[in-house]
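Single-structure report; data block below.
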Amino acid sequence: MTTTEQPRVPGLEVRSIDYVPLRERHGKLWHLGPLWFMSNAQIATLAVGLISITGGGNLIWSLISIVLGTALGTFFMAFHSAQGPQLGLPQMIQSRPQFGYVGALLVWLFAYVQYAGFNVFNTILAGQAMSRTAHGGVKWWVAGVTVLALLVALVGYDVIHRAEQVLTYVFLAVFGVFTVGVLVTLHYPAGSFDLGGFRWTPFLAQFGVVAGYQISWAIYVSDYSRYLPPGVTVRRTFYWTYFGSALGGAWLMVLGSLLAAWAGQGFDTIASIDAAGDKVFDGFGAVVLVFSALGLVSVTALNMYGGSLTLISAADSIRKVRPTISARLLTLAFTAALSLAGALAATSHFLTNFNNFLLLVLYLFIPWTAVNLMDYYVVRRGHYAIAEIFKPHGIYGRWGWRGIIAYLVGFGAMVPFFSVGTLFTGPAAKALNGADISLFIGLPVSGLLYWWLARTIDVAAEIELADAEAASLETAGTG
């Protein structure tokens with residue numbers, strides 16, 4: 001069964017990986033705008049805007065690469081968002097039609113690593129921000145942030161949406177003033193705005209990390225649109241997600257690049273924000289940092305929520321799991337504990353390699369997003385037998401060989417173009433003086449190969465089965 005009738009606990013979300021029936025659909029489409037704006041508009045995103053500056057690029061070309069990378073990466077992420085209202089499912093469970101009931105574990109493992117990695121970085125930043133402003137040990141603040149995020153994630157979907165709406169309004173006031181201060185009061189090195197100072201390697205490095213960061217949100221998006229009624233159009237769902245995420249992401253990445261250019265070798269995320277804020281007026285840096293910590297709590301909750309769904313999906317692929325509140329609580333607690341352990345054990349070496357982590361995320365999810373979007377929009381055109389997604393021996397099979405092959409071939413084709421700082425530089429990237437264009441290789445290779453392999457899928461038979469199961473899908477669990 002894909003839906004479950006469960007005892008309701010007031011205030012707590014009941015559903016997890018199961019289908020959301022039409023009678024439970026609610027919410028307004030515009031809610032996606034502030035949710036994805038605020039998810040991106042937090043200071044962890046600042047780190048994404050540093051690559052070009054630290055790699056020897058000048059400021060103006062760093063800003064241009066950020067805008068272009070955001071425009072491209074968010075394009076793919078936003079198209080995933082439109083899947084939620086149409087299918088009523090969280091994002092990663094939708095990988096089963098392409099990769100199989102068991103084969104989807106491949107991408108779920110990578111997704112969970114991403115959730116955990118980002119949460120470690122987010123909670124450390126929040127702990128540092130609060131320690132600098134309210135004093136106390138960083139580790140105690142990290143623990144407090146983790147617990148607060150856990151509570152938000154446990155209440156679930158609706159409270160996350162409401163929290164992001166409130167935070168968006170406050171952000172516009174606080175960071176609006178802060179951004180004006182950064183533009184007006186800070187002084188930048190000579191040549192920062194010289195268009196003649198273009199260099200391919202830092203430009204492409206910045207572009208790739210930005211695009212990858214935006215694409216990395218693709219594993220989240222249907223989680224937060226799946227309760228919307230299917231009557232919302234794909235186009236409007238895309239627009240609200242795209243512009244919310246792109247504006248929030250580009251704003252903070254641009255701020256990161258501006259602060260890095262101003263601070264030079266002495267750049268430190270927390271200290272530089274504090275110093276730049278105090279140039280507006282004394283004490284304003286602390287205001288920015290305290291609010292930033294709240295933003296990091298919200299995005300940490302998003303990661304815990306998504307990590308919980310991913311863990312339940314993975315467990316269900318091995319042994320059938322009833323998606324109850326108890327399952328949500330257990331997987332949320334495990335994800336929070338893992339995040340906390342990682343944050344407490346992390347060293348400054350981890351923080352300095354956050355950009356390498358972003359690149360690895362890009363590499364792992366480029367083939368997945370290509371396969372998933374090609375399947376949804378071109379091959380099956382949004383028609384899925386949803387009940388079959390939850391059957392170990394359903395029509396989608398245990399191993400989706402088409403998706404797995406397309407993923408692995410696409411990833412393999414990208415390897416020569418990898419350029420991950422001092423960790424690894426592929427031969428093609430070396431020939432390009434370290435420039436990383438793997439994004440432009442993995443997307444078409446994986447997407448087109450999957451399309452070619454999927455020619456033998458009997459989509460008409462799947463649609464017929466989906467229609468036959470539709471009524472029972474809606475009435476399941478009502479008894």
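Just so you know, these numbers use all the heavy atoms, side chains as well, and skip hydrogens, waters and symmetry mates.
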task = Consider only side-chain N and O atoms of Trp61 and Ser52, and report whether a donor and an acceptor are under 3.5 Å apart.
result = no
remark   = So salt bridge (charged side-chain N to carboxylate O under 4.0 Å, His left out) across residues 74-98, not counting sequence neighbours, yields Arg96-Asp316
ask   = Is there a donor-acceptor contact under 3.5 Å linking the side chains of Ser222 and His80?
value = no
query = What heavy-atom pair brings Gly49 and Ser62 nearest, and what distance separates the two atoms?
reply = O-OG, 4.0 Å
inquiry  = Please find the pair of heavy atoms, one from Arg328 and one from Ser16, that lie closest to each other, and give the distance.
reply    = CG-CB, 3.8 Å
inquiry  = With ring-ring contact (aromatic ring centres under 6.0 Å, His included) as the test, pick out the partner of Tyr242 among Phe238, Tyr239, Trp240.
reply    = Phe238
message = Ring centroids only, cut at 6.0 angstrom: are Tyr101 and Tyr396 within range, meaning strictly under it?
response = no
key: Name of the residue among Phe411, Phe418, Phe424 meeting ring-ring contact (aromatic ring centres under 6.0 Å, His included) with Tyr363   = Phe418
note = Between Ala44 and Asn122 the two heavy atoms that sit nearest each other are CB-OD1, 3.2 Å
request  = Give the minimum heavy-atom separation between Leu252 and Leu46, together with the two atoms involved.
outcome  = O-CD2, 3.1 Å
inquiry  = Going by the rule ring pair (Phe, Tyr, Trp, His ring centres under 6.0 Å), which residues pair with Tyr407 if we only count those two or more places apart in sequence or in a different chain?
reply    = none
key: Heavy-atom side-chain contact between Leu439 and Leu72 under 4.5 Å   = yes
task = Output the distance between atom CE (Met38) and atom CD1 (Ile160), rounded to the nearest 0.5 Å.
result = 14.0 Å
ask   = Any luck finding a side-chain donor-acceptor pair between Asn372 and Gln83 under 3.5 Å?
value = yes
note = Per side-chain contact (heavy atoms from CB on, under 4.5 Å), Phe267 is matched among Ile53, Thr54, Leu50 by Leu50
query = Could you state the interatomic distance from CH2 (Trp401) to CG (Leu408), rounded to the nearest 0.5 Å?
reply = 13.5 Å
Salt bridge (Lys or Arg N to Asp or Glu O under 4.0 Å) involving Arg226 - partner list, sequence neighbours excluded = Glu13
inquiry  = My understanding is that only residues two or more places apart in sequence, or in another chain, count here; which of them pass ring pair (Phe, Tyr, Trp, His ring centres under 6.0 Å) with Phe76?
reply    = none
ask   = Looking only at heavy atoms, which two atoms of Thr74 and Thr70 are closest? And how far apart?
value = OG1-O, 2.6 Å
message = Is it the case that the side chains of Ser298 and Glu164 hold a donor-acceptor pair, with the cut-off being a distance below 3.5 Å and no angle test?
response = yes
ask   = For the residue pair Tyr305 and Tyr224, is the inter-centroid distance of their aromatic rings smaller than 6.0 Å?
value = yes
inquiry  = Quick one about Tyr227 and Asp158 (side-chain donor to acceptor, distance below 3.5 Å, no hydrogens or angles considered), yes or no?
reply    = no
message = Under a 3.5 Å cutoff, is there a donor and acceptor pairing between the side chains of Asn40 and Gln214?
response = yes
key: All ring pair (Phe, Tyr, Trp, His ring centres under 6.0 Å) counterparts of Tyr112, not counting sequence neighbours   = none
query = Hey, is the main chain of Met304 close enough, under 3.5 Å, to the side chain of Ser308 for a donor-acceptor pair?
reply = no
query = Under 6.0 Å between the ring centres of Phe171 and Trp251?
reply = yes
request  = Can you spot which of Leu150, Thr123, Leu148, Val120 makes a side-chain contact (heavy atoms from CB on, under 4.5 Å) with Thr300?
outcome  = Thr123
query = Could you state the interatomic distance from CG (Asp375) to OH (Tyr450), rounded to the nearest 0.5 Å?
reply = 3.5 Å
request  = Examine distances only and state if a side-chain atom of His26 and a backbone atom of Glu24 form a donor-acceptor pair shorter than 3.5 Å.
outcome  = yes
message = Can a side-chain donor-acceptor contact be found between Asp223 and Gln91 if the only test is distance below 3.5 angstrom?
response = no
query = Of all heavy-atom pairs between Leu302 and Ser39, which one has the smallest distance, and what is that distance?
reply = CD2-OG, 3.2 Å
ask   = What residues, two or more places apart in sequence or in another chain, satisfy ring pair (Phe, Tyr, Trp, His ring centres under 6.0 Å) together with Phe110?
value = none
ask   = Are a donor atom and an acceptor atom from the side chains of Thr45 and Tyr213 found within less than 3.5 Å of each other?
value = yes
